[in-house]
There are 2 protein chains.
Amino acid sequence: MAIKERKEREKQEMRNLIIESATQLFLKQGYDKTSIRSIADDIEYSPATIYLYFKDKDEIFYVIHENAFDILDKHLRQHDGIADPFERLGALGRTYIQFGIENPDYYDLMFIMRAPMEQIKNEEKWKAGECAFGYLLTTLSDCLEQGKIRQADLYVTGIQVWSYVHGLVSLYVRERMCILMQPDDVTRQILHSSFDLFLANLKT
Amino acid sequence: MAIKERKEREKQEMRNLIIESATQLFLKQGYDKTSIRSIADDIEYSPATIYLYFKDKDEIFYVIHENAFDILDKHLRQHDGIADPFERLGALGRTYIQFGIENPDYYDLMFIMRAPMEQIKNEEKWKAGECAFGYLLTTLSDCLEQGKIRQADLYVTGIQVWSYVHGLVSLYVRERMCILMQPDDVTRQILHSSFDLFLANLKT
DNA sequence: GCATTTACTAAACAGTGTTTATTATATTCA
DNA sequence: TGAATATAATAAACACTGTTTAGTAAATGC
């Protein structure tokens with residue numbers, strides 16, 4: 001009976017179809033304007049059908065949030081080849097900031113919005129987040145071992161680095177960097193300069 | 001004709017009534033669950049009446065956002081008496097973090113949510129934000145003058161400090177600090193430790 | 001070929017922010 | 001004071017939202 005397998009495959013294909021449509025609409029118009037009805041319209045099914053494949057809207061955006069982490073991961077791992085951990089740390093930070101600037105809606109879903117985190121409460125662990133943070137910790141651990149950065153607790157240092165770049169990106173994404181009263185490209189440049197300064201202060 | 005003045009006063013009183021009700025409901029149940037209808041119910045007027053005093057929901061929350069800045073301002077100015085600017089900087093940071101932890105909904109409105117910023121687009125300037133940031137810059141300027149912290153551009157240093165504390169608080173408020181897998185009070189302690197470390201790294 | 005399971009949807013429910021047309025009250029002016 | 005006007009408040013509707021329920025049509029199992 002290969003029917004069961006085919007059905008399972010079809011179910012997965014339908015989920016993918018929904019996610020693809022939702023992702024495209026989300027990146028075009030944001031979370032709030034991406035309604036279940038608009039996704040249903042786009043894939044030419046009734047709104048109720050979507051609820052046969054996803055528990056609720058949050059679950060859809062939880063999957064998109066996971067996909068976004070995969071994309072960020074790919075970006076970050078481009079720097080795997082950099083031998084010097086401090087240089088690698090710098091590359092990671094710059095790539096993280098760049099990712100946030102270029103993909104504000106993804107960034108929102110990953111690190112700002114409450115929607116995907118509601119899902120996580122039913123799962124106990126924020127796997128995607130821990131994976132990305134773990135990757136940062138690895139590099140920081142190398143830096144500490146080789147005495148490239150000031151000695152401190154690994155986790156505290158990790159929180160320090162992440163909080164810093166997140167602060168930069170999230171203030172930018174949620175339009176608080178307007179206090180600088182600079183055009184967008186200058187503001188982005190300031191984000192990068194600030195990070196460079198931060199790195200310099202971290203160095204031994 | 002004192003009638004005009006009385007009418008103006010009554011109009012302002014009604015606005016205050018709406019804001020008081022909205023604030024109380026917002027702090028109890030958050031932005032999304034604070035509907036125009038629930039405010040109307042609370043003040044015993046019809047929902048349409050609210051639109052005679054405020055353009056839309058965003059305008060109401062813009063006013064609450066301004067009030068929140070006044071509250072934060074009062075907290076920060078408690079440290080006006082600290083003579084040493086570096087010590088004052090530390091006090092400001094700790095108070096800012098504490099404010100965010102203790103008033104997550106206010107913090108949300110001030111520094112994370114898009115709602116109040118929509119209003120600001122019609123006003124050109126984010127007065128509340130600039131005022132608070134200006135207060136930070138003053139202290140930083142004193143630190144730089146007295147050579148208490150590493151020399152760098154004032155604005156870049158300001159962005160650096162603000163981004164850092166904002167990163168800490170916003171990751172906490174939006175529940176991303178769960179990666180630490182620590183109970184809430186320990187997580188809060190880590191926020192403060194991270195800030196202390198940051199300050200130490202900034203010192204000359 | 002028939003019973004059962006699966007896939008899908010129309011319609012409804014309970015909300016939301018906001019606007020419009022209408023009514024009741026208060027003010028102005030002859 | 002009484003009619004005309006301006007103001008304040010609202011009921012009801014509009015156009016949405018996420019989600020559930022009940023019913024239908026097709027695919028599957030026996």
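Below, each value reflects all heavy atoms present in this structure, side chains not excepted, and no hydrogens, waters or symmetry copies. Order of the sequence lines sets the chain letters (A, B, ...), proteins ahead of strands, with each chain counted from 1. Computed from a prediction, not measured in an experiment: that's the story for all the values here.
For the pair B:Lys33 NZ and C:dT16 C1', the computed distance is 14 Å after rounding to whole Å. The CG atom of A:Leu17 sits 15 Å away from the C1' atom of C:dA7 (whole-angstrom rounding). C:dG15 atom C1' lies 14 Å from atom CD of B:Gln29, rounded to whole Å. In this structure, the CD1 atom of B:Ile60 is 9 Å from the P atom of C:dG17, given to the nearest Å. Atom CG in B:Leu52 sits roughly 8 Å away from atom P in D:dA8 (whole-Å rounding). Taking atom OH of B:Tyr45 as the reference point, atom P of D:dA11 lies 13 Å away to the nearest angstrom. Across the protein-nucleic acid pair, A:Arg15 atom CZ and C:dC8 atom P stand 14 Å apart, rounded to whole Å. In this entry the distance linking CG of B:Asp41 with P of D:dA11 reads 11 Å, nearest Å.
A search for side chain to side chain donor-acceptor pair (under 3.5 Å) contacts involving A:Tyr51 returns nothing, not counting sequence neighbours. A search for salt bridge (Lys or Arg N to Asp or Glu O under 4.0 Å) contacts involving B:Asp80 returns nothing, not counting sequence neighbours. Applying the side chain to side chain donor-acceptor pair (under 3.5 Å) criterion to A:Arg150, with sequence neighbours excluded, gives B:Asn201.
Checking side-chain atoms of A:Thr34 against main-chain N and O of A:Gly30 turns up a donor-acceptor pair under 3.5 Å.
Sorted by first then second residue, the side chain to side chain donor-acceptor pair (under 3.5 Å) pairs that include residues 15-26 of chain B, not counting sequence neighbours, are B:Ser21-B:Asp42.
Taking side-chain N and O atoms only, A:Thr49 has a distance below 4.0 Å to OP1 or OP2 of C:dT9.
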B/S/- contact track for nucleotides 18-26 of chain D, protein heavy atom under 4.0 Å: BBBB-----
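Nucleic acid contact for A:Tyr53: sugar-phosphate only, since backbone atoms but no base atoms lie under 4.0 Å from a heavy atom of the residue.
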I'd like a table of donor-acceptor pairs (distance under 3.5 Å, sequence neighbours excluded) in which one partner is a side-chain atom from residues 66-73 of chain B, with atom names and distances.
residue: B:Glu66; atom: OE2; partner: B:Tyr62; partner atom: OH; Å: 3.3
residue: B:Asp73; atom: OD2; partner: B:Arg77; partner atom: NE; Å: 3.2

